[in-house]
Amino acid sequence: MSRRILVTSALPYANGPIHIGHLVEYIQTDIWVRFQKLRGHHVVYFCADDTHGTAIMIRAREEGRSEEELIAQMSQAHQRDFAGFSIGFTHYGSTHSEENRELCAEIWGALRAADMVVERDVTQLYDPQAGTFLADRFVKGTCPVCRAPDQYGDNCEKCNATYSPVDLIDPVSTLSGATPEPRTARHLFVQLEKMHEFLNEWTQQGDHLQPEIANYLQGHFLREPLRDWDVSRPAPYFGFEIPDSPGNYWYVWFDAPIGYIASTQAWCKKAGEDFSRYWRDEQTEIHHFIGKDITYFHTLFWPAMLKVARFNLPRKVHVHGFLTVGGEKMSKRKGTYITAETYLQHLDPSYLRYYYASKLGPRLDDLDLNLEEFAAKIDADLVGKVVNLASRSAKFASKTGLADAYPEDGGLFARAVEAGEQIAEAYENCDFNRAMRLIMELADAANRYIENAAPWKLAKQPDSQESLQQVCTVALNLFRQIAIYLSPVLPKLAEQTERLLGTPIRQWSDAGQPLLGSAVAPFERMLSRVDRKEIEKMIDASREEEADRGTQTFEDSDQPLKDEPLAAEITIDDFVKVDLRVARVVAAEDVAEARKLLKITLSLGGDERRTVFAGIKQAYRPEDLIGRLVILCANLAPRKMRFGVSEGMILASGSGGKEVFLLCPDEGAQPGQRVH
RNA sequence: GGGCCGGUAGCUCAGUUGGUUAGAGCAGGGCACUCAUAAUGCCUUGGUCGCGGGUUCGAGUCCUGCCCGGCCUACCA
């Protein structure tokens, strides 16, 4: 029976790039979605950018642009990254949308009608200079307990004491450096306790949660009265103003999950679908995939809100663990904070999809990315076992095509059909690592078959051509089964298999019927082995992108300064004569006759282009530069060089030769912006 | 401090309701093969299942204490 399934991944915050930690979730969800589609179910998959809150407001302010501009750009970057990893959303929306505003109002109305909203005064620190209330992490000061300086507003890292930011000694706003003052404002609270009984039942029954999550909620929150939830923030705040409480805004965590519904609705409008079938129809199964850090919001507040507003409740909330790299938290200093973008510049996304699949289970254990294991696993499993099946048999078969009748294969095909049910069950339960193990067993069996059948021997005997065709028919059909079973994880491999065998893969049950009598295209390489050097480069690039701002000591040499002492003092007027601009490298080519020069075309935004000859040939490859942002001295007099006119200078440090380091602006900068 | 989840071969992990000599993949060693991206196949080395008690005819599997690790939490969760 065909199910109707609505799936979501958590909404990434529009304050930073997607990194490989985020991707655990999106890849996990996407695999599950693709699997369900392959099983013939009707599946829609929604996500959106989470765009509200103080952090966004502050950042936009720092960057001197509107919040809308900031979130539009982040959304674009996020969607590009997701597309790069073949994450197939049905629709990718934004919490800053009209649909979301209306839905927030609707749910809010329901909470009011249920008499669950109360008002209370809350005292918070207020930054008079920045004109905003300060969340705990925007305040620093001296710990009132142990007197350790420079501690955040909620707890002390030295003595582990917790306190209110109001108790900090000598508090300082990290936004403006001003001394914040306590101010009192009216906040709106949702009385979650009124839903206690419902939540007891919902969390503990009906397999909505993994058992450890249900235990955790039971022992942690549900055994005592649920506290009121503060869902409002006073202006200024980037978000939606509460219609019946002017000057107050919904807290970002109120409107964020509603974004799931809003994204659905935006898609329904676009696609002409009936919205009520998805969130107001019990026949639709709703599945949320989230990280364990946001369990609380998704398993208590969220079902309560849905219940009160009479939306569908989640069929299941799937919680996963965090990513560690090499057994440790991702670290910018160690180069293990790898963004999706950086990864894609160096490695094939299929690698990560498979690696994560091979490590993901139904429980919320943390998942470790061990880069040596990563490389070994891809090489051994995907290249050595799976793709190898096609690559060692397709060549023989492309001359003859597949046999018309399926040959005797010792029961291999039938066993793989049987295994397919176990594999499907593993996928269904999010036990992807089990699914991968089972699939690899099939690949082992298929390789063994080819080894014994020795098609390369048959190929040398003119009277064995029929046997050869039969052997290849078996081998390629076993390969195709595996490609089908792997297709939720490796959609690209599935496409390549379709091309090789000239037949589309539409559903899981395609693995049950052998392909016969069809042509076999010439074999093309499907997947390359992992280039270890690219892994190193990726780590190096991640390390360079952002140095750790932590408190470790630095031991930089004083030699560079000795080599080139400071220049004579200048005035600000001297400085502003130099017009430095952000520019994007749109083309870069080798100047063959030159020892040091690359010819680089820069964009200053719009149609504005500059051609610059830069002496960085020994340090950078042209293809690595394209797309990068650099700093250009834009009002330098043009200079004739042997190979053309150079219209500016790209800023870099270093002694020359291989020791050249380009300056590049932080993310968010736009070509044409002046550097002040 | 409290809670949750783990601790099984060098590494990553399986081990169903307690039951005969504890498994797989990778890595290591040996052999074979040469169709394939130095791929594949066969054989093989390797574990007092964190430690100590207990229940039982019998425990990696149940109970208990301890040690270690990860994460969550300590009143805008």
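Order of the sequence lines fixes the chain letters, A, B, ..., with proteins taken first and strands second; residue numbering starts at 1 for each chain. As a basis for the values below, the full set of heavy atoms in this structure was taken, side chains included, without hydrogen atoms, waters or symmetry mates. Everything numeric here is computed off the predicted structure, so don't read it as measured data.
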Crowding at NZ, A/Lys307 (>12 non-hydrogen neighbours, <6.0 Å):
no
What is the base-pairing partner of B/G23, counting Watson-Crick and G-U wobble geometry with both distances under 3.5 Å?
B/C13
Is the terminal nitrogen or CZ of A/Arg233 (NZ for Lys, CZ for Arg) located under 6.0 angstrom from the six-membered ring centre of A/Tyr249 and within 45° of that ring's axis?
no
Check: A/Tyr260 ring centre within less than 6.0 Å of A/His298 ring centre
yes
How far does the P atom of B/G47 sit from the matching atom of B/G41, given to the nearest Å?
26 Å
Under 4.0 angstrom, heavy atoms only, what part of the nucleic acid is A/Phe221 near: base, sugar-phosphate, or nothing?
base
Is there a donor and acceptor pair, one atom on the side chain of A/Arg233 and one on the base of B/C76, closer than 3.5 Å?
yes
For B/A36, does either OP1 or OP2 sit under 4.0 Å from a side-chain N or O belonging to A/Lys395?
yes
Say you pick atom P in B/U45 and the same atom in B/G25; how far apart are they, in whole Å?
14 Å
Within the pair A/Arg529 and B/A39, is there a side-chain N or O less than 4.0 Å away from OP1 or OP2?
yes
Look at all strands and tell whether A/Glu441 reaches a base, only sugar-phosphate, or nothing, counting heavy atoms closer than 4.0 Å.
nothing
Please figure out whether A/Lys460 or A/Arg227 has its closest RNA chain B nucleotide nearer the 5' end.
A/Lys460
Using purine N1 to pyrimidine N3 plus N6-O4 or O6-N4 for Watson-Crick, or N1-O2 and O6-N3 for G-U wobble, both under 3.5 Å, which nucleotide pairs with B/C4?
B/G70
B/C76, OP1 or OP2 - any side-chain N/O from A/Arg120 closer than 4.0 Å?
no
Would you indicate what A/Met440 reaches in the nucleic acid, counting non-hydrogen atoms under 4.0 angstrom: base, sugar-phosphate, or nothing?
nothing
Does the Lys NZ or Arg CZ of A/Lys292 fall within the cation-pi geometry relative to A/Phe322 - under 6.0 Å from the ring centre and within 45° of the axis?
yes
What does A/Tyr251 touch in the nucleic acid at a heavy-atom separation under 4.0 angstrom: a base, only the sugar-phosphate, or nothing?
sugar-phosphate
